[in-house]
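Single-structure report; data block below.
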Amino acid sequence: MPSQDLLNGLNASQQAAVQSIDGPHLMLAGPGSGKTRVITHRIAYMISQGISPRDIVGLTFTNKAAGEMRRRLDVLIGPTDVWLGTFHGFCVRLLRRYSQLVGLPVNFNIYDVDDSLACLKQAVKDSNIDLSHTPVSRLAQRISFYKNRLVTPEVLQADPRGSSEYQVSQIYPHYQQALLACGAVDFDDILMHTALMLREHAELREQLDERFRYMLVDEYQDTNLAQYVILRQLCVDHPNLAATGDPDQSIYGWRGANTQNVANLERDYPNLRIIRLEDNYRSTPEILSLADCLIQNNQYRKHKQLVPSRPAGHKVRLTIYPTARAEAEDIADQIVAWTKSTDHPLSDFGILYRTNAQSRLLEQAMVRRQLPYQLIGGFRFYLRKEIKDLIGYVLLVNNPNDDIACQRVINVPPRGIGKQTVEKLRRFAHEHQMSLLEACRIAGSEKLLSSRATIAVRDFVRLMDRLNDQASGSLVSLLQTTLDETRYREFVEKSARSDQDQLDLGQNIDELLAEAHEIDGEIDGDTHDSRSSLERFLELVALQSDVDKLKTDRNVVTLMTLHAAKGLEFPCVYLIAVEENILPHARSKDDPMQLEEERRLLFVGITRAKDRLQVSYARSRGFGGSSESGIPSSFLMELPRREMLVQDRCDDLGSDYNDAGNYDAGEDFSDQFSPDPSDLAGGETIDHDDLTFDYDDSCQLPPEELKQRRLKKAQRRTGSSLTTGASLADSQIPWEKFRQGVHVSHPLWGNGQIVQVSGHGPKRAVSVVFSDTGLERTFRLSHAPLRLEG
DNA sequence: ACTCGTAGCCTTTTT
DNA sequence: GGCTACGAGT
C-alpha cells in the first residue's frame with residue numbers, strides 16, 4: 001500500500017502520530033481515539049518509508065492486543081517480520097538468548113503464582129527462619145513488590161531501615177536461590193532479570209539498542225519501574241520510542257505500575273514530542289459526558305478532553321435493583337428481549353463488574369435462559385489441577401532440575417511415594433547439592449528407602465526416562481504418552497465427584513491436547529521461529545492471559561472484570577454492582593491514590609460502551625453466606641444525574657428473586673416512575689428528567705455517611721491536612737516546611753526522608769529516600785502528593 | 001499410603 | 001460460599 005493511502009481516513013493528530021517516526025514520542029490517547037489503528041498504521045508507514053521490519057518492536061499488554069495488531073498489519077501490508085508481543089514475551093526471548101548472563105539455564109521454567117508460592121514455602125522451610133505467624137502469601141506479596149521496583153535481595157538486606165521488613169529481607173535471598181536451583185523464574189523475575197541484565201552489561205545493552213531501533217509501547221501508563229528501565233536502556237543511542245497511553249486509564253497501580261513513568265518521559269527525553277488523540281470515535285456524547293464528569297473528580301490528574309464525534313444517542317440508565325439476584329435476572333431478561341426484537345447479536349453485550357465473585361449470579365441467570373456466554377478470568381484454565389499436573393510432567397521433561405515440578409508429579413496419580421519418602425529424598429538431595437530427580441535416580445543404590453518405596457521411585461524414574469525420549473518429538477505425542485503411561489484419565493475419572501465434574505475434567509484435557517496440536521502444526525509451517533514446540537508450549541502456558549482467550553466473533557454474551565475489559569468495546573454495556581465497598585472496593589477507600597484508581601476503573605468501564613450503557617446497583621447483595629445491604633457507590637453521586645435515566649426496579653422486581661429476604665419496599669417510587677419495557681427493546685428514549693430525583697434522598701445514604709462526606713469536602717477546602725498537590729491553593733501550603741531531614745510520606749512510596757531540596761514555594765523540588773524501597777525519588781511539591789510526618 | 005470428612009480460612013484487581 | 005489444610009480412620 002502506498003504511504004499516502006495509509007493516512008486516509010485519519011484526523012490531523014492521528015496523521016501526525018503516524019508520520020512522525022524518528023525520536024521520542026508520547027501519544028496521549030483517550031479511550032476510543034483510534035489508538036490501535038494509529039499504531040498499526042504507524043508501523044506500516046514506517047515500513048513504507050524503508051525502515052526494516054526487523055528493527056521494529058511493538059509491545060502490548062496482552063497477547064490478544066498483539067494479535068489484533070498483527071491481524072490489522074497483515075491487512076495493510078501483508079505478513080512482516082515486526083516483533084509484536086507482550087512485554088513478558090519479549091523479555092523471555094531475551095532471557096533465553098542471554099540466559100547465562102543472569103545465571104539461568106537456557107531451558108529455565110516459568111512459574112505461575114502457585115509454583116512460586118510452593119517454592120517460597122520450601123525456601124522458608126529449608127532456611128529455618130521463623131515466620132512467627134506471618135502468612136507466606138504476605139511474604140510473596142512483599143517480594144513481588146520489591147521485584148517490580150528492581151530491589152534485589154542484596155539491596156534489601158543492605159538497607160538498615162528495613163527492620164520492619166526483616167523477615168522479608170531474610171527470606172528473599174533464600175527464595176531467589178531456590179528459584180535459581182530449580183532453574184526457574186517467577187513472573188516478576190522475567191522483567192527484573194531483563195532490566196538488571198541490560199543495566200549491568202553495557203555491551204549487550206548497546207547491541208540490543210542498535211538491534212531494536214524502533215520501540216512502540218502500548219498501555220504505557222500501566223508499566224512498572226522494571227519495564228520503564230528496560231525501555232530506557234533500549235532507547236539510549238536510538239531514542240525512537242513511541243509510547244501510547246492514557247493516565248486516566250491507569251488501573252494497575254497495585255501491581256507496581258507507576259503513572260509517574262508518563263511524566264518521566266518528559267524528563268528523560270527533552271525533545272519528546274507529545275501528540276494528543278482526544279477525538280472519541282467509539283461512544284455517544286451521552287456516555288462520554290458521564291465519563292468526563294466522573295474523571296474530573298480525580299485531583300491528581302492533568303486535564304484532558306474527551307471530544308465526542310458521534311451524534312447524540314440514548315440516555316445512560318442508572319438502575320436500582322432490590323437484590324443482586326434481581327439485577328442478574330433482569331439483565332439476562334433484557335438481553336433476551338433485545339435480541340428477540342432487534343438484530344443485536346449476543347456478542348454486542350458486555351457485562352462488567354469489579355470482582356470475579358460477581359459473575360456467579362449472572363452465570364446462573366444465563367444458564368437458566370440458555371443464553372450462551374463466555375466468562376473471562378476467574379479460575380484460570382492453566383491453573384486447574386488436572387492441567388497443572390500434566391504440565392508438571394512437561395516442565396520436568398524440559399528441565400530436570402525443577403524440583404517444584406518434580407514434587408508436583410512424583411505421586412500423581414498415586415504410585416506409592418508418600419510424604420515421608422519425598423521428605424527423605426529432598427533432604428538427601430539438599431545435602432548432596434543435587435536435584436530431586438537425581439536423588440530419585442540414585443536412591444536405590446544408596447539404600448535410602450524401604451524396599452517398597454525404592455521400587456516405586458525406580459518406576460517413577462523409568463517413567464520420566466521414557467517421557468524424555470519423547471521430548472524431541474511432537475508435543476501431542478509427549479502429552480499422550482504421559483496420559484497413557486500414568487493412566488491419568490482413569491485417575492481423573494475416579495477422583496471426580498460428579499458426572500459433570502468428570503466431563504469437565506476430560507474436556508479440559510482434550511482442550512490442552514488441542515492446543516498442543518495447534519503448536520505442533522505451527523512448527524511445520526513456520527520456519528522463521530526456531531524455537532522448539534516444547535519451548536513455545538511452555539511460554540504459551542505461562543504467559544497466555546485470560547483475555548487472550550476472548551472470542552469476539554462468537555455469538556455469545558461476555559462477562560468479565562473491569563480490569564479485563566481494558567482496551568475492549570461493546571455496543572451495549574452493563575456495569576453492575578456499582579456499590580460502596582465493591583466499587584470503590586473496601587480495601588481501596590482509605591488511600592486517596594487508590595480511591596482515584598477505583599474511579600479510573602469505573603471510567604474505563606463507562607468508556608467501553610459504544611451505544612448503550614446501564615449502570616446498576618442492588619439494595620441488598622449476598623456476601624458469601626450472609627447478606628448485606630448495598631450502599632450506592634459514592635462515584636454515582638459524581639455522575640450528571642440530570643442527563644441520565646434513573647429507574648428504580650425495586651417495586652416491580654422486589655417480590656421475585658428475593659435472595660436476601662428482608663427488602664423493605666415501603667415508601668418508594670412506584671408512582672413516580674414505572675419502567676416501560678418497550679423503552680428497552682425499541683431503542684426509543686423517553687425524557688424522564690422531571691422524574692429523576694436527588695441522590696442524597698433517593699439512594700438513602702445513611703445520615704452518618706452524608707455527614708462524613710460533607711466533613712471530608714470541608715476538610716479538602718480548608719486544607720487542614722498538610723498534603724501537597726494541585727488541589728490546594730498555593731498560599732495555604734507551608735512549602736518551606738519541606739526541608740532537608742524532614743520525614744514525609746507518599747501514598748504510593750510510603751514513608752521517607754527528604755535528603756535534598758531546591759527552589760522555593762510551590763516550585764520547590766525535594767528528593768526523598770523511601771524507607772520501604774531504599775529508592776530515591778524527586779518530586780515537585782506542587783504536583784506530588786507528599787505529606788509531612790511526625 | 002490413601003481416602004474421606006470437617007473446621008477454619010479468606011474474598012480485588014493479574015502479566 | 002467455596003476451597004485448603006489438616007486429621008482421623010482404613
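Naming convention: chains lettered A, B, ... in sequence-line order (proteins, then strands); numbering from 1 in each chain.
- Residue-to-nucleotide proximity on DNA chain B shows that, of A/T60 and A/E598, the 5′-proximal contact is made by A/E598.
- Distances shorter than 4.0 Å separate some side-chain N or O of A/N356 from OP1 or OP2 on B/dT14.
- Screening residues 113-123 of chain A for side-chain hydrogen bond (donor to acceptor under 3.5 Å, both in side chains), with sequence neighbours left out, gives A/D115-A/K388, A/Q122-A/Q407.
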Intermediate values then yes/no, salt bridge (Lys or Arg N to Asp or Glu O under 4.0 Å), A/D126 and A/R426: CA-CA 10 Å; A/D126 291 344; A/R426 272 197 59 209; 2.7 Å; yes
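- A cation-pi geometry, defined here as NZ or CZ lying under 6.0 Å from the six-membered ring centre and within 45° of its normal, does not hold between A/R600 and A/F603.
- Whole-Å rounding puts the A/L191 CG to B/dT14 P distance at 17 Å.
- A donor and an acceptor atom, one from each side chain of A/E596 and A/Q594, are nowhere located under 3.5 Å apart.
- Taking every side-chain heavy atom of A/Q594 into account, B/dT12 is the closest of B/dT12, B/dT14, B/dT15.
- Applying the 4.0 Å criterion to OP1 and OP2 of B/dT12, one finds that A/R587 has a side-chain N or O inside that range.
- One interatomic measurement links the two molecules: CZ of A/R255 to P of B/dT12, which rounds to 16 Å at whole-angstrom precision.
- Residue A/Y252 is in sugar-phosphate contact alone, with no base atom involved, counting any heavy-atom pair closer than 4.0 Å across all strands shown.
- Looking only at atom types and distance, the side chain of A/N581 has a donor-acceptor partner in the side chain of A/K589 under 3.5 Å away.
- Taking atom CD of A/Q358 as the reference point, atom C1' of B/dT12 lies 10 Å away to the nearest angstrom.
- Distance, A/I376 CD1 to B/dT13 C1': 16 Å, rounded to whole Å.
- Taking atom CG of A/D115 as the reference point, atom C1' of B/dT14 lies 16 Å away to the nearest angstrom.
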Check nucleotides 1-6 of chain B for protein N or O atoms closer than 3.5 Å to its own N or O atoms and list the pairs.
{"residue": "B/dA1", "atom": "OP1", "partner": "A/G418", "partner atom": "N", "Å": "3.3"}
{"residue": "B/dA1", "atom": "OP1", "partner": "A/T421", "partner atom": "OG1", "Å": "3.0"}
{"residue": "B/dC2", "atom": "OP1", "partner": "A/G416", "partner atom": "N", "Å": "3.0"}
{"residue": "B/dC2", "atom": "OP2", "partner": "A/N411", "partner atom": "ND2", "Å": "2.9"}

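- C/dT4 and B/dT13: their C1' atoms are spaced 22 Å apart (whole Å).
- For the C1' atoms, the distance from C/dA5 to B/dT12 is 24 Å, rounded to whole Å.
- Judged purely by distance below 3.5 Å, without hydrogens or angles, the side chains of A/E535 and A/N398 never pair a donor atom with an acceptor atom.
- If you check the side chains of A/Q374 and A/T558, you find a donor sitting under 3.5 Å from an acceptor.
- Computed from coordinates, the A/N581 CG to B/dT13 P distance equals 15 Å when rounded to whole Å.
- Sparse packing is recorded around CD of A/Q420, with 12 or fewer heavy atoms of other residues, nucleotides or ligands lying under 6.0 Å away.
- With rounding to whole Å, A/W254 atom CH2 is found 15 Å from B/dT11 atom C1'.
- With its ring centre under 5.5 Å from that of the base six-membered ring and a plane angle below 30°, A/H585 counts as stacked on B/dT12.
- At the heavy-atom level, A/K121 lies under 4.0 Å from the strands shown only through sugar-phosphate atoms.
- Between B/dT13 and A/S588, no contact under 4.0 Å exists linking OP1 or OP2 to a side-chain N or O.
- Nearest nucleotide to the A/T561 side chain, out of B/dT14, C/dG2, B/dT15: B/dT14.
- The NZ atom of A/K125 sits 14 Å away from the C1' atom of C/dA5 (whole-angstrom rounding).
- For the pair A/T223 (side chain) and A/Y220 (backbone), a donor-acceptor distance under 3.5 Å is present.
- At least one cation-pi condition fails for A/R487 and A/F491: the charged atom is not both under 6.0 angstrom from the six-membered ring centre and inside a 45 degree cone around its axis.
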What does the list of N/O pairs under 3.5 Å between the protein and nucleotides 8-10 of chain C look like, with a distance for each?
none

